[in-house]
Enquirer: 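Sending over a structure as structure tokens; questions will come in a sec.
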Amino acid sequence: MRVLAIESSCDETAAAIYDSQQGLLSHALHSQVDIHREYGGVVPELASRDHIRKVLPLVQQALDEAGSGRDDIDAIAYTAGPGLVGALLVGACFARSLAWGWGVPSLGVHHLEAHLLAPMLEPEPPSYPFVALIVSGGHTLLVEVTALGEYKLLGDTLDDAVGEAFDKTAKLLGLGYPGGAALAKLAESGDIKRFDFPRPMVNRPGCDFSFSGLKTFAMNQWRGSDQSDQTRADIAAAFQLAVVETLVIKAKRAMQQTQMSQLVVAGGVSANTLLRQRLQHAMRDLHVDVFFPRLEFCTDNAAMVAYSGCQRLLRGEHDPLSIQVHARWPFA
Ligand code: KG4
Ligand code: ZN
């Protein structure tokens, strides 16, 4: 089965083609960061408008790069939520209508399921069952995955998502939008010993997270400081270390609780180098194998939507003619 997929849940428009026999054939992406930068965050209306401008050229590009024409496409997948409703509607209306025109089935995909299956596109993918740590701009979840669609929530954030905490702290430090990767870069030149940040929730049982306190802690340290470039880097380093160590502690707890031997890490923050290193190191001691997507598939993309859509379409799932998206869509 050959699937065309479209992603438009936030500020990236993307298209990809995945073939169940041959693997990923192509993927194309346009990032809107230049449009939203001057506002310091994503402006939903501008996002929707830009998705409309970009979706068709990106689909054409993905088809061309895969050497595919409309007759080669067996089904169309798209992100149906969670995300910005207007942005989701662009991808959903386009995908559903194209599928209707081409006479093929279509399927709305859960964005977080797509993220958690992104490591399946790598040469050495994990196999079911595994534990997934999903760390994105909107979510921080630990999930026990026994099969496609069989998810048990082990932990969630009680307030900010980890990517959100990175972005807000970056903004506070004047690093602009999107801030996660910029904060991580700055942290490289910081002194991790100068500021002592808390490790939230680690003394409580369970696998839940809380990151809003770290953001507030960073704010208080910054406001009470000389606000020099070195201080900025030192706070970035201490903040990043606190986030990473907290994630590692909870991930270890989830592995011990489930007795599983594979950990999948996905979502935008899984691109973070320190997190990748620390998790690899910690899981080696537990004899747990860790799986990450390649860097470009950590953040939003259509390749992961094509893969996850294909798995469900192969099971015979598909949409009715009515078009539905979900701004919020519980995962487990
Ligand atoms: O998965 P994603 O592309 O979008 C959502 O579904 O939310 O994740 C975006 C998030 C942003 O918060 C961004 O700052 C963060 O991932 N991010 C990073 C890094 N690269 C992206 N956070 C920390 N370190 C990075 N290297
Ligand atoms: Zn995402």
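Numbers here are sequence positions counted from 1. In each ligand, atom 1 is the first atom listed, and ligand 1 is the first ligand listed. All values below were derived from every heavy atom in this structure, side-chain atoms included, with hydrogens, water molecules and symmetry-related copies excluded. Worth saying up front: this structure is predicted, and the values here are computed from it rather than measured.
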Enquirer: Show me which atoms of ligand 1 lie under 4.0 Å from any heavy atom of Gly268.
Expert: 1 (O), 2 (P), 8 (O), 16 (O), 17 (N), 18 (C), 19 (C), 20 (N), 21 (C)

Enquirer: Short N/O distance, under 3.5 Å, between Asp300 and ligand 1?
Expert: yes

Enquirer: For ligand 1, is there an atom lying under 4.0 Å from some heavy atom of Ala181?
Expert: yes

Enquirer: How long is the straight-line distance from CD of Glu113 back to OH of Tyr307, given to the nearest 0.5 Å?
Expert: 10.0 Å

Enquirer: Where is the nearest protein heavy atom to atom 15 (C) of ligand 1: which residue, which atom, and how far?
Expert: Val269 CG2, 3.9 Å

Enquirer: Have a look at Ala118, Gly137, Cys10 and point out the one with the heavy atom closest to atom 5 (C) of ligand 1.
Expert: Gly137

Enquirer: Rounded to the nearest 0.5 Å, what's the gap from CD on Glu164 to OG1 on Thr157? Could you check?
Expert: 8.0 Å

Enquirer: With respect to Phe166, determine whether any N or O atom, backbone or side chain, lies less than 3.5 Å from an N or O atom of ligand 1.
Expert: no

Enquirer: Can you report which non-hydrogen protein atom sits closest to atom 24 (N) of ligand 1, along with the distance?
Expert: Asn272 ND2, 3.0 Å

Enquirer: Indicate yes or no for a side-chain donor-acceptor contact from Glu7 to the backbone of Ser9 under 3.5 Å, with no hydrogens or angles considered.
Expert: yes

Enquirer: May I ask you to check whether Thr13 and His30 show a side-chain donor-acceptor distance below 3.5 Å?
Expert: no

Enquirer: Are Asp74 and Arg2 close enough for a salt bridge, meaning some N to O gap below 4.0 Å?
Expert: no

Enquirer: Which residue, Leu172, Thr169, Asn272, forms the side chain to side chain contact (heavy atoms under 4.5 Å, CB included) with Leu183?
Expert: Thr169

Enquirer: At under 4.0 Å between heavy atoms, which part of Glu12 makes contact with ligand 1: side chain, backbone, both or neither?
Expert: neither

Enquirer: Give the atoms of ligand 1, by number and element, whose distance to some non-hydrogen atom of His115 is under 4.0 Å.
Expert: 1 (O), 6 (O)

Enquirer: Gly180 to ligand 1: N or O pair under 3.5 Å?
Expert: yes

Enquirer: With heavy atoms of Gly163 as the reference, note each atom of ligand 1 found under 4.0 Å away.
Expert: 12 (O)

Enquirer: Quick test of your reading: applying ring-ring contact (aromatic ring centres under 6.0 Å, His included), list the pairs with at least one residue in residues 60-96, sequence neighbours left out, ordered by first then second residue.
Expert: none

Enquirer: So, at under 2.8 Å, which protein N, O or S atoms would a careful student list around the Zn ion (ligand 2)?
Expert: His111 NE2, His115 NE2, Asp300 OD1

Enquirer: With a cut-off of 4.0 Å, which atoms of ligand 1 are near a heavy atom of His111?
Expert: 6 (O)

Enquirer: For Gly138, take its heavy atoms, then give the atoms of ligand 1 lying under 4.0 Å from any of them.
Expert: 7 (O)

Enquirer: Is Ala184 in polar range of ligand 1, meaning some N or O pair under 3.5 Å apart?
Expert: no

Enquirer: Is the gap between the ring centers of Phe166 and Phe239 under 6.0 Å?
Expert: yes

Enquirer: Please indicate whether any nitrogen or oxygen in Thr299 is less than 3.5 Å from any nitrogen or oxygen in ligand 1.
Expert: no

Enquirer: Does a side chain donor of either Arg96 or Ser322 reach within less than 3.5 Å of an acceptor in the other side chain?
Expert: no

Enquirer: Quick one: which ligand 1 atoms are inside 4.0 Å of a heavy atom on Asp167?
Expert: 11 (C), 12 (O), 13 (C), 14 (O)

Enquirer: Take atom CZ of Arg49 as the centre, draw a 6.0 Å sphere, and report whether it contains more than 12 heavy atoms from other residues, nucleotides or ligands.
Expert: no

Enquirer: Using 30° and 60° as the class limits, which term best fits the ring planes of Phe197 and Phe195: parallel, tilted or perpendicular?
Expert: perpendicular

Enquirer: Would you tell me whether His115 and Asp300 have side-chain atoms, one donor and one acceptor, within less than 3.5 Å of each other?
Expert: yes

Enquirer: Taking Arg312 for the side chain and Glu317 for the main chain, is one N or O donor matched with an acceptor at less than 3.5 Å?
Expert: no

Enquirer: Mind checking the CD1-OG spacing from Ile17 to Ser26? Nearest 0.5 Å is all I need.
Expert: 4.0 Å

